[in-house]
Peer 1: 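Input: one structure, supplied below.
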There are 2 protein chains.
Amino acid sequence: MSTDAFTVLAEPTRRRILDQLRDAERSVGELVDGLGVSQPAVSKHLRVLRDAGFVTCRTAARQRIYRLDPGPLRAVDGWLDPYRRLWARHLDALERHLDSQEQ
Amino acid sequence: MSTDAFTVLAEPTRRRILDQLRDAERSVGELVDGLGVSQPAVSKHLRVLRDAGFVTCRTAARQRIYRLDPGPLRAVDGWLDPYRRLWARHLDALERHLDSQEQ
DNA sequence: ACTTCATATGACCGTCAAGGCATATGGCGG
DNA sequence: CCGCCATATGCCTTGACGGTCATATGAAGT
């Protein structure tokens with residue numbers, strides 16, 4: 001069953017996988033090499049990432065090539081959206097503070 | 001010990017707490033009422049959120065008032081940053097596709 | 001000082017997820 | 001058709017986490 005996007009991102013190894021896929025698609029073997037984690041572990045994480053829609057999979061000869069899908073990350077970005085006002089507010093407050101310091 | 005920001009956000013109840021604190025600071029009791037979760041559970045989640053810097057705590061009479069701190073959320077936003085290029089790229093590709101359709 | 005209210009903490013339990021190992025699948029070359 | 005290579009899956013153990021209940025802390029009021 002598909003897991004929640006935040007739960008998926010909670011795993012450091014999975015985030016590292018996403019990092020590796022950011023610039024280019026990669027085969028499972030390449031990911032294993034780049035991560036220093038056992039192949040079954042990587043495959044399992046890929047399963048989770050696939051089920052949650054973070055990555056898609058294409059079969060090329062004997063290899064499976066994984067590619068990043070931006071969808072779920074956009075969703076997370078969307079979740080963050082209402083919070084961005086906070087930083088803006090904080091920055092405003094900071095500005096006001098600095099302004100009052102200046103004069 | 002302080003837990004990783006993504007791990008903290010993986011908990012639905014903790015996200016709901018953050019949601020509640022988005023607009024205004026609240027006492028523990030108010031949070032309990034708004035969440036329908038037992039008070040000890042809420043206190044523990046608040047502990048985690050505090051340790052990770054998501055919230056700060058002020059003591060007012062017998063109550064403890066919690067307020068949202070944007071720091072860790074900004075960090076998450078920063079982590080997302082290099083991925084935003086992907087959506088941009090995707091949109092570009094879509095545009096190009098639509099353009100080629102038009103003519 | 002004693003009680004009460006608001007919150008924090010500790011102990012205990014059930015659940016779940018991650019890693020390691022062994023093994024199954026499935027395409028490909030000989 | 002058989003063995004090999006790349007990847008996936010099952011089983012098992014272990015550790016972390018969340019919930020509940022009971023209890024500790026600590027400030028306020030009487």
Peer 1: Taking any heavy-atom pair under 4.0 Å as a contact, classify T59(A): base, sugar-phosphate, or nothing.
Peer 2: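 The residue T59(A) makes no contact with any strand.
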Peer 1: In whole Å, I'd like the distance from the CG atom of L31(B) to the P atom of dA8(C).
Peer 2: 10 Å
Peer 1: Rounded off to whole Å, could you give me the CD-to-P distance for the Q39(A) and dA18(C) pair?
Peer 2: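 That distance rounds to 17 Å.
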Peer 1: Between D51(B) (CG) and dA16(D) (C1'), how many Å, whole number?
Peer 2: 16 Å
Peer 1: Rounding to a whole Å, what distance do you find between E11(A):CD and dC16(C):P?
Peer 2: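 One finds 17 Å between P of dC16(C) and CD of E11(A), rounded.
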Peer 1: Between R62(A) and A41(A), name the one whose nearest nucleotide on DNA chain D is closer to the 5' end.
Peer 2: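 It is R62(A), whose closest nucleotide lies nearer the 5' terminus.
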Peer 1: I'd like to know whether the aromatic ring centres of W79(A) and Y83(A) sit less than 6.0 Å apart in this structure.
Peer 2: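 Here the rings of Y83(A) and W79(A) have centres that are less than 6.0 Å from each other.
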Peer 1: For DNA chain C, whose closest nucleotide is more 5', that of A61(A) or that of H45(A)?
Peer 2: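 Counting from the 5' end, the first nearest nucleotide belongs to H45(A).
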Peer 1: Verify the contact: side-chain N or O of Y66(B) to OP1 or OP2 of dA8(C), cut-off strictly under 4.0 Å; return yes or no.
Peer 2: yes
Peer 1: Does dG19(C) have its OP1 or OP2 closer than 4.0 Å to a side-chain nitrogen or oxygen of S38(A)?
Peer 2: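 No, outside the criterion.
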Peer 1: For D4(B) and dA17(C), give me the distance from atom CG to atom P, rounded to whole Å.
Peer 2: 17 Å
Peer 1: Please determine if a side-chain N or O atom of R47(B) lies less than 4.0 Å away from the OP1 or OP2 oxygen of dT9(C).
Peer 2: yes
Peer 1: Describe the nucleic acid contact of S43(B) in one word from base, sugar-phosphate, nothing, applying a heavy-atom distance below 4.0 Å.
Peer 2: base
Peer 1: Going by modelled atom types, is there a donor-acceptor pair between the base of dT20(D) and the side chain of K44(B) at under 3.5 Å?
Peer 2: yes
Peer 1: Please determine whether residues L80(B) and F6(A) belong to a single hydrophobic cluster, defined as Ile, Leu, Val, Met, Phe, Trp and Tyr linked transitively by side-chain heavy-atom distances below 4.5 Å.
Peer 2: yes
Peer 1: Measuring from Y66(A):OH to L46(A):CG, what's the distance to the nearest 0.5 Å?
Peer 2: 5.0 Å
Peer 1: Nearest-Å distance, CD (Q63(B)) to P (dG26(D))?
Peer 2: 18 Å
Peer 1: Does R50(A) pair with D69(A) as a salt bridge, N-O distance under 4.0 Å?
Peer 2: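 Salt bridge between R50(A) and D69(A), a charged N being under 4.0 Å from a carboxylate O: no.
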Peer 1: Can you check whether R14(B) has a side-chain N or O nearer than 4.0 Å to OP1 or OP2 of dG18(D)?
Peer 2: yes
Peer 1: Would you indicate which nucleotide in dT7(C), dA8(D), dC17(D) comes nearest to any side-chain atom of R50(A)?
Peer 2: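 It is dA8(D).
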Peer 1: L35(A) pairs by side-chain contact (heavy atoms from CB on, under 4.5 Å) with which of D33(A), V32(A), V37(A)?
Peer 2: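 Testing each of D33(A), V32(A), V37(A) against L35(A), the sole residue satisfying side-chain contact (heavy atoms from CB on, under 4.5 Å) is V37(A).
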Peer 1: In whole Å, I'd like the distance from the CG atom of L35(A) to the P atom of dA18(C).
Peer 2: 15 Å
Peer 1: Rounding to an integer number of Å, can you tell me how far L49(B) CG sits from dC17(D) P?
Peer 2: 14 Å
Peer 1: So, OP1 or OP2 of dG26(D): does either fall under 4.0 Å of a side-chain N or O from R64(B)?
Peer 2: no
